[in-house]
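Scroll down for the structure; my scribbles are underneath it.
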Amino acid sequence: IGHTVTVAGVRLPGWGRGESFYLWDGETWITVQLNKGQKRPPSWEPVLLRGRWVGDEWGMYWLQVTEMRSLNAKDRVFG
């Protein structure tokens, strides 16, 4: 927890809570929490995320994103 990590995957369709979404790497999925003002990538968009693992007192863990980059040929940067 608290370590900076870089992960790659695709945004799963559907909605998380608030400014969040689910990311799948082909084997596992995680909850991703965006900062205010950051926009979710489109469903199935391949992305590279950088952030820190965060947890709460109920044992829930998520990736708090600081940077997000599309891995599509256009190489867009979101929010």
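Every value quoted in this text rests on a predicted model; they were computed, and no experiment measured them. When reading the values below, keep in mind they use all heavy atoms of this one structure, side chains included, and skip hydrogens, waters and symmetry mates.
A pairwise comparison of heavy atoms in Val65 and Asn35 identifies O-ND2, 2.9 Å as the closest pair. Annotation for Asp25 and Ala8: closest pair CB-O, 3.7 Å, computed over non-hydrogen atoms. Summarising the geometry of Ser43 relative to Gly14, their closest heavy-atom pair is OG-N, 4.5 Å, with the distance given to 0.1 Å.
The side-chain heavy atoms of Gln38 and Glu19, taken from C-beta on, include no pair separated by under 4.5 Å. Residues Val5 and Trp53 are in side-chain contact: their nearest non-hydrogen atoms beyond the backbone lie under 4.5 Å apart.
Residues satisfying the side chain to side chain contact (heavy atoms under 4.5 Å, CB included) test with Thr66, not counting sequence neighbours, are Arg50. Not counting sequence neighbours, the partners of Phe21 by the side chain to side chain contact (heavy atoms under 4.5 Å, CB included) test are Arg11, Leu23, Val32, Leu34, Arg40, Pro41, Leu49, Met68. Evaluation of the side chain to side chain contact (heavy atoms under 4.5 Å, CB included) rule for Trp58 yields Asp56 as partners, not counting sequence neighbours.
Put simply, CD on Gln64 and CZ on Arg52 are 11.0 Å apart, with the number rounded to the nearest 0.5 Å. Atom CH2 of Trp44 sits about 5.0 Å away from atom CG of Leu12, to the nearest 0.5 Å. Rounded to the nearest 0.5 Å, atoms CG (Leu63) and CD1 (Ile30) are 5.0 Å apart. Rounding to the nearest 0.5 Å places CH2 of Trp29 at 6.0 Å from OH of Tyr22.
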Inset, instruction - Output, in order, the C-alpha distance, side-chain angles, deciding distance and verdict of side chain to side chain contact (heavy atoms under 4.5 Å, CB included) for Val10 and Glu45. - result: CA-CA 5 Å; Val10 296; Glu45 178 86 18; over 6 Å; no
Legend entry - Stepwise side chain to side chain contact (heavy atoms under 4.5 Å, CB included) check, Thr6 with Leu48: CA-CA 7 Å; Thr6 302; Leu48 185 67; 3.5 Å; yes
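Within a 6.0 Å sphere centred on CD of Glu27, other residues, nucleotides and ligands contribute 12 heavy atoms or fewer.
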